[in-house]
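First the structure, in the form of structure tokens, and then the observations on it.
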Amino acid sequence: MTDDAPAVPNPLQPANEDWQRGLAIVAHPDDLEFGAAAAVARWTGQGKKITYVLVTSGEAGIDGMDPDEAGPARETEQRESAAIVGVSQVDFLRLPDGVLEYGVALRRELCRVIRTHQPEIVLTNNFRDSWDEAGTALNMSDHMVTGRAVLDAARDAANRWVFREQIDAGLEKWGGVREVWAAGSPLSKHGVDTTDTFELGVRSLEAHAAYLRGLGSGDFDAEEFLEGFARQTGTRLGVRYAAAFEVFRLNMY
């Protein structure tokens, strides 16, 4: 970069990719595909193991489809979507969509998941009040509840005296979570280059066909939508396309 080159506003730092096991915990099918799936494709291509855990089945997400029909359909689409980016294990907790509650019960369940899979990095979605720094693009409750519980559960998992019944039942405490990454946060300071895997990210979102048909007028363009955000984020990272993450460091000592 020359001295007279324009400064990039809010530049991102490359995220540390020196890890092998990741666990993605989000509220709904499609949450990861709206931006983070291309990064997942990059990581699986590097040989990393990523597991998906969906807190709900997204059964309340399609206005024109009864939840009893939508839930199984969305689980099928999520598995197909995950396979496109190299993820073979997709688990569903099947908690009620749209009315998730933050609290000990959810922390306990997510702690169990983390102790079971023993990840180094835990991925979730933005759980700030909004998707933009101005606070005008409001987030939804399920995202905020899930992300907050994920962050707390990652610390709970390291304490043998918290949810100790899980330890008594044979799980080990797990203090190996180094960081929790929240995708798409307006406070993101780190990014991941998704230039080479952008198209896989598009295909993974397109796999949620039933959900996308229910959006607006039904003519949602996955590639156009993802490209706008990925290009803006890429500019901040100094690449063509990128995904942004707010990184929460654990094990500070």
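For clarity, every value in this text was computed on a predicted model and none was experimentally measured. When a residue number appears, it is its place in the shown sequence, counting from 1.
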- Heavy-atom closest pair, residues A38 and F198: CB-CA, 4.1 Å
- Task: Treat each ILVMFWY residue as a node, draw an edge where side-chain heavy atoms are under 4.5 Å apart, and state whether V177 and L23 are in one component.
- Result: yes
- Query: Below 4.5 Å, heavy atoms only, C-beta onward: do L100 and L95 meet side chain to side chain?
  - Reply: yes
- Task: Kindly indicate whether the side chain of E101, heavy atoms from C-beta on, has any atom under 4.5 Å from the side chain of L106.
- Result: no
- Heavy-atom nearest pair, S130 first then G135, reads OG-CA, 3.3 Å
- Message: Just verifying a value: how many Å separate K173 NZ and N159 CG, rounded to the nearest 0.5 Å?
- Response: 7.5 Å
- Task: Drop me the distance from R79's CZ to L54's CG, to the nearest 0.5 angstrom.
- Result: 9.0 Å
- Query: Parallel, tilted or perpendicular for F225 and F220, by the 30°/60° rule?
  - Reply: tilted
Identify every side-chain donor-acceptor pair in residues 228-237 under 3.5 Å, counting partners at least two apart or on other chains, and give the distances.
| residue | atom | partner | partner atom | Å |
| --- | --- | --- | --- | --- |
| R231 | NH2 | E227 | OE2 | 2.6 |
| R231 | NH2 | Y241 | OH | 3.1 |
| T233 | OG1 | F229 | O | 2.9 |
| T235 | OG1 | R231 | O | 3.1 |
| R236 | NE | N10 | O | 2.6 |
| R236 | NH2 | N10 | O | 3.1 |
| R236 | NH2 | S188 | O | 3.4 |

- Task: Examine F245 and V239 and state if one hydrophobic cluster contains both, with Ile, Leu, Val, Met, Phe, Trp and Tyr joined whenever side-chain heavy atoms are less than 4.5 Å apart.
- Result: no
- Full working for side-chain contact (heavy atoms from CB on, under 4.5 Å) between R108 and V104: CA-CA 6 Å; R108 177 183 290 111; V104 172; 3.8 Å; yes
- Query: Which atoms form the tightest heavy-atom contact between L212 and L205, and what is the distance?
  - Reply: CD1-O, 3.3 Å
- Task: Begin from the C-alpha positions of Q78 and H28 and carry the test side-chain contact (heavy atoms from CB on, under 4.5 Å) through to its verdict.
- Result: CA-CA 9 Å; Q78 181 62 76; H28 315 108; over 6 Å; no
- Message: If you count every heavy atom of other residues, nucleotides or ligands that lies below 6.0 Å from D168 atom CG, does the total exceed 12?
- Response: yes
- Task: Decide yes or no for V85 and Y52: does some side-chain heavy atom of the first lie under 4.5 Å from some side-chain heavy atom of the second?
- Result: yes
- Task: Heavy atoms only: give me the nearest A24-L32 pair and the separation to one decimal.
- Result: CB-CD1, 3.8 Å
- Message: As a quick check of understanding, evaluate side chain to side chain donor-acceptor pair (under 3.5 Å) for Q89 and D91, giving each step before the final call.
- Response: CA-CA 7 Å; Q89 183 169 356; D91 297 337; 3.2 Å; yes
- Item | Cluster check I25, I121: I/L/V/M/F/W/Y, side chain < 4.5 angstrom | no
- Check against side-chain contact (heavy atoms from CB on, under 4.5 Å), N125 and F127: CA-CA 6 Å; N125 264 357; F127 53 93; over 6 Å; no
- Query: Is there a donor-acceptor pair under 3.5 Å between the side chain of D142 and the backbone N or O of G98?
  - Reply: yes
- Can any side-chain N or O of E120 pair as donor or acceptor with the backbone N or O of R21 at less than 3.5 Å? yes
- So, are D30 and R74 salt-bridged, with charged N and O less than 4.0 Å apart? yes
- Same apolar cluster: V145 and L110, side chain cutoff 4.5 Å: yes
- Message: With a 6.0 Å cut-off (strictly less than), is the heavy-atom count around CD of Q46, excluding the residue itself, greater than 12?
- Response: yes
- Message: Strictly below 4.0 Å, N to O, side chains only: are E172 and R160 in salt-bridge contact?
- Response: no
- Run the salt-bridge test on R112 and E109 with the 4.0 Å N-O cut-off and return the result as yes or no. yes
- Query: Side chains of V53 and L93: closer than 4.5 Å at any heavy-atom pair?
  - Reply: yes
- Within a strict 4.5 Å, meaning less than it, do heavy atoms of the D129 and L138 side chains meet? no
- Only one of E246, E133, H143 clears side-chain contact (heavy atoms from CB on, under 4.5 Å) with R128; which? E246
- Item | Heavy-atom pair of closest approach, residues A183 and W131 | O-CZ3, 4.2 Å
- Report the C-alpha distance between W181 and E179 in whole Å, list the side-chain angles of each, state the deciding distance to 0.1 Å, and finish with yes or no for side chain to side chain donor-acceptor pair (under 3.5 Å). CA-CA 6 Å; W181 295 9; E179 296 174 341; 2.8 Å; yes
- Message: Treating K49 as the side-chain partner and V87 as the backbone partner, does any N or O pair qualify as donor plus acceptor under 3.5 Å?
- Response: no
- Message: Minimum heavy-atom separation for L200 and A41, please, with both atom names.
- Response: CD1-CB, 3.9 Å
- Query: Side chains of N16 and R178: does their closest heavy-atom pair fall under 4.5 Å?
  - Reply: yes
- Please report the C-alpha distance between S204 and E33 in whole Å, then the side-chain angles of each, then the deciding distance to 0.1 Å, and finally whether the side chain to side chain donor-acceptor pair (under 3.5 Å) criterion is met. CA-CA 6 Å; S204 73; E33 286 67 45; 4.7 Å; no
- Please confirm whether the backbone N or O of A207 pairs with a side-chain atom of S81, one donor and one acceptor, at under 3.5 Å? no
- Enter the distance from D152:CG to R107:CZ here, rounded to the nearest 0.5 Å. 5.5 Å
- Atom CZ of R42 and atom OG1 of T195: how far apart are they, to the nearest 0.5 Å? 8.5 Å
- Item | Cationic N near anionic O, under 4.0 Å, R94 to E75 | yes
- Task: Kindly work out whether a path of hydrophobic side-chain contacts (I/L/V/M/F/W/Y, heavy atoms less than 4.5 Å apart) joins V113 to L250.
- Result: yes
- Query: Would N139 and M144 count as a side-chain contact (heavy atoms from CB on, under 4.5 Å) if you check the C-alpha gap in whole Å, the side-chain angles of each, and the deciding distance to 0.1 Å?
  - Reply: CA-CA 7 Å; N139 204 346; M144 293 186 283; 4.0 Å; yes
- Message: Does any part of the side chain of P29, heavy atoms only, come nearer than 4.5 Å to the side chain of F92, both counted from C-beta?
- Response: yes
- Item | Backbone N/O of V162 and side chain of D156: donor-acceptor pair under 3.5 Å | no
- Would one find more than 12 heavy atoms of other residues, nucleotides or ligands at under 6.0 Å from atom CD of E224? no
- Task: Kindly compute the distance separating CH2 (W43) from CD1 (I50), expressed to the nearest 0.5 Å.
- Result: 6.5 Å
- Item | From CD (E59) to CG (D97), nearest 0.5 Å | 4.5 Å
